[in-house]
Amino acid sequence: MLSVVTNLLRRSVFTSTATLGRKASAMHLEKQTKELLKLPAQEVKDWLSNFDAILTDCDGVLWLYSDVIEGSIEVVNKFIHSGRKVYFITNNSTKTREEFLSKAQQMGFCVDTDKIISTAHLAANYLKRMEFNKTVYIIGSSGIKKELDAVGISSFGVGPDTLNGGLKNLVDNELKRNLNSEVGAVIVGFDEHFSFPKLAKATSYLNNAECLFLATNTDERFPMTSCVIPGTGSIVRSVETAAERPALVMGKPNTACCKHLIDDKIIVPERTLMIGDRCNTDILLGTNCGFQTLLVGTGVHKMEDVQKWQKSGTAEEKKLIPDAYLPRLGDLLQFIDS
Ligand SMILES: O=C(O)COP(=O)(O)O
Ligand SMILES: [Mg+2]
């Protein structure tokens, strides 16, 4: 997926506005994105009445780090109070599900634990379900460790690990002599202390073909305009490259993260709306699950990105196109009857 987006971005550099105009006549063949604010209010209300379940991304839709995005609490709570099932589904692995719950509740969202889907929790439960009984080496944050503790799986690796005695020391004293023979899985999530020793240790463990390789998510970067904060995807790519094998990704767009809701008939795909700010995780998950999708412009992708993808020919690129677009989630408030 990274390569798809990279290619899309590369291609977009050479796309002129004139080309956009010329191809407009062929656009009726493409999936169209409804810009909700440009539609009559009744049409938007009718569209919303199709949904009795909503899955919403968190960072970039509901909040940006610790700041609530204006209007999102009111919209989400109205959805909840109208009897719709609302799930918070985040790729962020730095917190436990309980920590996300208290973050959301402290902000004012009326959400319960069973409605939070988060990737550290998904990873721990994946290992628990397979009755994993070895140790996990973590590249990531305390959220992963705490979720593993909660299911009785031992782990280590969280925190700084720097190249103190040089490369020779790392190789001779750590990689050759000090690898933990109990490690049976490596989990890679967001790690602000990611380092060369961590990369070398993870890939040394993964050199054993029986060692499981899980990644929480593949988001390339965090939603930020003033600078770039690399996301988990950049760390996962690095480990995958050195390990020479792909990780099993727990979060969006892997449909496994919400499959149980469909299998257990808790939600009906045709009556479910996926709301997100990133198309190659949130919107792709929605498309892959048969949900309707709504992109909001408060995070990673914008309507201009969608317009570029609408012109591209591949089926994979078309899966990134949402059904609807809004500048921000709070704009929905005027269309939800209380
Ligand atoms: O933290 C991330 O990488 C993404 O988080 P999100 O899925 O809530 O946008
Ligand atoms: Mg997001």
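Start at 1 and go down the list; that is how both ligands and their atoms are numbered.
Aromatic ring orientation, Phe109 versus Phe88: perpendicular (interplanar angle above 60°, classes split at 30° and 60°).
Residues passing the ring-ring contact (aromatic ring centres under 6.0 Å, His included) test with Phe222 are Phe190, sequence neighbours excluded.
When each atom of ligand 1 is checked for a heavy atom of Asp59 under 4.0 Å away, the hits are 5 (O), 6 (P), 8 (O), 9 (O). The ligand atoms of ligand 1 that sit less than 4.0 angstrom from a heavy atom of Thr90 are 5 (O), 6 (P), 7 (O), 8 (O). Within ligand 1, counting atoms from 1 as listed, the ones closer than 4.0 Å to a heavy atom of Cys58 are 8 (O).
Ligand 1 lies out of reach of Thr232, whose nearest heavy atom is not under 4.0 Å from it. Residue contacts with ligand 1 include Phe222, since one or more of its heavy atoms lies under 4.0 Å from the ligand. Not a single heavy atom of Arg278 sits under 4.0 Å from any atom of ligand 1.
The single protein non-hydrogen atom nearest to atom 3 (O) of ligand 1 is Asn217 ND2, 3.4 Å, given as residue, atom name and distance.
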Review point. Given Asn164 and Thr162, is the side-chain hydrogen bond (donor to acceptor under 3.5 Å, both in side chains) satisfied, shown in steps?
Key: CA-CA 6 Å; Asn164 284 327; Thr162 52; 3.2 Å; yes
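Counting all heavy atoms, side chain and backbone alike, Asp191 lies closest to Gly140 at OD2-N, 3.1 Å.
Taking the Mg ion (ligand 2) as reference, Asp277 places its N/O/S atom OD1 nearest. Looking only at its N/O/S atoms, Asp59 has O as the one nearest to the Mg ion (ligand 2).
With hydrogens and angles disregarded, a donor-acceptor distance shorter than 3.5 Å links the side chain of Glu240 to the backbone of Ala247. Between the side chain of Gln334 and the backbone N or O of Asp331, at least one donor-acceptor pair lies under 3.5 Å.
Within the structure, no pair that satisfies the salt bridge (charged side-chain N to carboxylate O under 4.0 Å, His left out) test touches residues 284-301, not counting sequence neighbours.
For the Mg ion (ligand 2), the set of nearby N, O or S atoms under 2.8 Å includes one belonging to Asp57.
For ligand 1, the polar-atom distance check against Lys252 finds a nitrogen or oxygen pair separated by under 3.5 Å.
Within a 6.0 Å radius of CD in Gln42, more than 12 heavy atoms belonging to other residues, nucleotides or ligands are found.
Both the backbone and the side chain of Asn91 come within contact range of ligand 1, each with a heavy atom under 4.0 Å.
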